[in-house]
Protein chains: 2
Amino acid sequence: MIQDHKHDMTQERLLDKAEALFAQRGYDAVSVREITAAAHCNLAAVNYHFQNKKNLYLEVFRARWIPRARRLQEFFRKSSVIQNATSPTAIAQGLAEAFLLGPLSDDERHRHFQLMVRELSQPSEALELVAEQVMRPFFTELAEMLRPAIGNGVEKQRLMLDALSMFAMVLYFNFARVAVTRITGREYDDAFKGQLVKHITEFSRTGLGVG
Amino acid sequence: MIQDHKHDMTQERLLDKAEALFAQRGYDAVSVREITAAAHCNLAAVNYHFQNKKNLYLEVFRARWIPRARRLQEFFRKSSVIQNATSPTAIAQGLAEAFLLGPLSDDERHRHFQLMVRELSQPSEALELVAEQVMRPFFTELAEMLRPAIGNGVEKQRLMLDALSMFAMVLYFNFARVAVTRITGREYDDAFKGQLVKHITEFSRTGLGVG
DNA sequence: GTCTATAGCAGGATAGAC
DNA sequence: GTCTATCCTGCTATAGAC
């Protein structure tokens, strides 16, 4: 029992540090030595608990990333905006709030989106997991939420593209933080994040609203 | 002269292969050995021509990425859509066409956006160059193009966020190709890219178009 | 300018003591 | 389960012949 406990603690610490480092600098730039040092355990622990480096990376997705994505989706579904209305505007606002302000700490959110962008732009086995278990079901769900308002006659692809576009903004304003800060001159404090949510909601509702 | 010629050819080949490989797999995952092998030249050539690996990476941006970004922007400015109208819709369409269909080959476009996303999500010195010489001026220009239609009274930040949002979609549909394909079931052939341009234009104009 | 050879180091992984 | 010691591979970078 004590052994299991210690075992678990080491595994947990390794997963935590591995996720943070992989998110920050990517799989290849991070060494097992660095991860174990950060987790205050021995070099051999990664191989003992996770067989090898690659499997540790996958386990980060299985044990951390996917559950967190589910929490985010749950938060979105239960948010008051969605509970009170399922208009496209409400959906956009719910999405933006959940993913920009939602239940995650700043660090956790940052890690989450960094890992996602890495996988989107350079898919590994982890994307298989993520696409099948998280993304496809969620976008399908979003598309069906949009259908009543957009039009029952409309093809599914149109709804999917709408959902992907809302998500594109959410993703972008999370991962391109440094560039957005550089271009707008604004730091990602609570005020600015609030404005971003408002902007994404508004842009999704009416686009540029003219001509 | 012959020496200069050979010299130049080797440099060019190195830049080409380096860009392709860095875009595909990232700085750390790619070795100098791999680059020189692909460029059919000697291992020592990188150090001779570019001092070290990191400077080769930066030179990829200076000599390849930035000029290409300028070509893209030039194509956008001179596109018939923009020449004939500067409504927000025309701007969105011009952007989407330039960056999704524009003057680049598929491979070149893919490389271009992969490198950009890598820098946006994990900035290195290269982002300094790109932000100051390309991004900031371009987004400022876009914002000013939007101003007359959106409203003269509106703060610059609102215009910047609009420009960033249009760009978010363009970027996303370029770099998250694998995921988009997985979710929509559509390959990135000419037909689908045409639909994406139409979608981005339309979404930028009216968003989801309803309540 | 190009090549070979090699220095010097860091990486992943494992065997075996505890 | 944890640790040390070590193997082996592959990396960047450079010295020096051509």
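Not measured: the values here are computed from a predicted model.
No side-chain donor-acceptor contact under 3.5 Å links E187(A) and T181(A). Side-chain contact annotation: Q157(B) with Q195(A), donor-acceptor N/O pair under 3.5 Å present. With hydrogens and angles left out, the side-chain atoms of S165(B) and H199(A) include a donor and acceptor closer than 3.5 Å. Judged by distance alone, the side chains of Q122(B) and R118(A) do bring a donor and an acceptor atom under 3.5 Å apart.
Residue D190(A) qualifies as open at atom CG: its count of foreign heavy atoms under 6.0 Å is 12 or below.
The aromatic rings of F99(B) and F138(B) sit tilted, their planes meeting at an angle between 30° and 60°.
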*If a protein heavy atom is under 4.0 Å from the base, mark B; if only from the sugar-phosphate, S; if neither, -; do that for nucleotides 4-18 of chain C going 5' to 3'.*
B------BBBB----

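Between T10(B) and dT2(C), a side-chain N or O to OP1/OP2 separation shorter than 4.0 Å is present.
A straight line from OH of Y57(B) to P of dC11(D) spans 19 Å, rounded to a whole angstrom. Atom CD of Q11(B) and atom P of dT2(C) are 9 Å apart (whole Å). Per the geometry, NE2 belonging to H40(B) stands 12 Å off P belonging to dC3(C), to the nearest Å.
For Y27(A) and Y57(A), the ring centers are positioned less than 6.0 Å apart.
With F50(B) as the partner, the side chain to side chain contact (heavy atoms under 4.5 Å, CB included) test is satisfied by one option alone out of V32(B), V60(B), L15(B): L15(B).
Remark on the helix from dG1(C)-dC18(D) to dC18(C)-dG1(D): inter-end axis angle 0°, axes from five-pair C1' superpositions, rounded to 10°.
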